[in-house]
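The structure under discussion appears below in the form of structure tokens.
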Amino acid sequence: MFHAISYNGTREENYELVIKQLQALIDGETNFIANLANASALLNQFLKNINWVGFYLAEGEQLVLGPFQGLPACVRIPFGKGVCGTAAKNQKTELVPDVHLFPGHIACDAASQSEIVVPMIKNGNVIGVLDIDSPIKNRFDDIDQRYLEKFVEVLVASV
Ligand code: SME
């Protein structure tokens, strides 16, 4: 059973803790969809000031909506389009302080102001992305990026 805990350390300590929780949640489970579903719920109760968190999974040259928490979202995003498609194409995290300034940004939830997208890479191929939206500008910084990349590494290792 999952017990809610208070994250009352430094930002780094809190991220270390949530990564430990992820490891415990996915331990011994190889179903990737189930693990992504729990990972999105885990991040949703951990991160403050977010309005969408979830995954898109690669299918050919497209990203297809996977497990998430938030409002219904667009289902298919071609590689190279929007923040998610750009992160997938370049195999590089996109940290966007103001989505309105990102050329081609896809507005799924009109409340979104800033966004971070971390690609999931397995054996050199993008298998999907983690996408997190915030209703405030400049929500994500290099600490979020570093630890969310670690978080994604743990998930990818489970596939
Ligand atoms: N804003 C994303 C689309 C996905 S939604 O935010 C959930 C993008 O530009 O790729």
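Whatever order the structure lists ligands and atoms in, that order sets their numbers, starting from 1.
The distance between the ring centers of F46 and Y15 falls below 6.0 angstrom.
Using a 4.0 Å heavy-atom criterion, the residues that approach ligand 1 are W52, Y56, A73, I77, G82, V83, C84, H105, I106, C108, E115, D131, D133.
Tested against N38 for a side chain to side chain contact (heavy atoms under 4.5 Å, CB included), the candidates L155, L25, L43 yield a single pass: L25.
I26 and F68 end up in different hydrophobic clusters when Ile, Leu, Val, Met, Phe, Trp and Tyr side chains are linked at under 4.5 Å.
Note: C108 SG to D131 CG = 7.5 Å, rounded to the nearest 0.5 Å. Expressed to the nearest 0.5 Å, how far CD of Q45 lies from CD of Q69 amounts to 9.5 Å.
When all heavy atoms of F102 and E94 are compared, the closest pair comes out as CE1-OE1, 3.6 Å.
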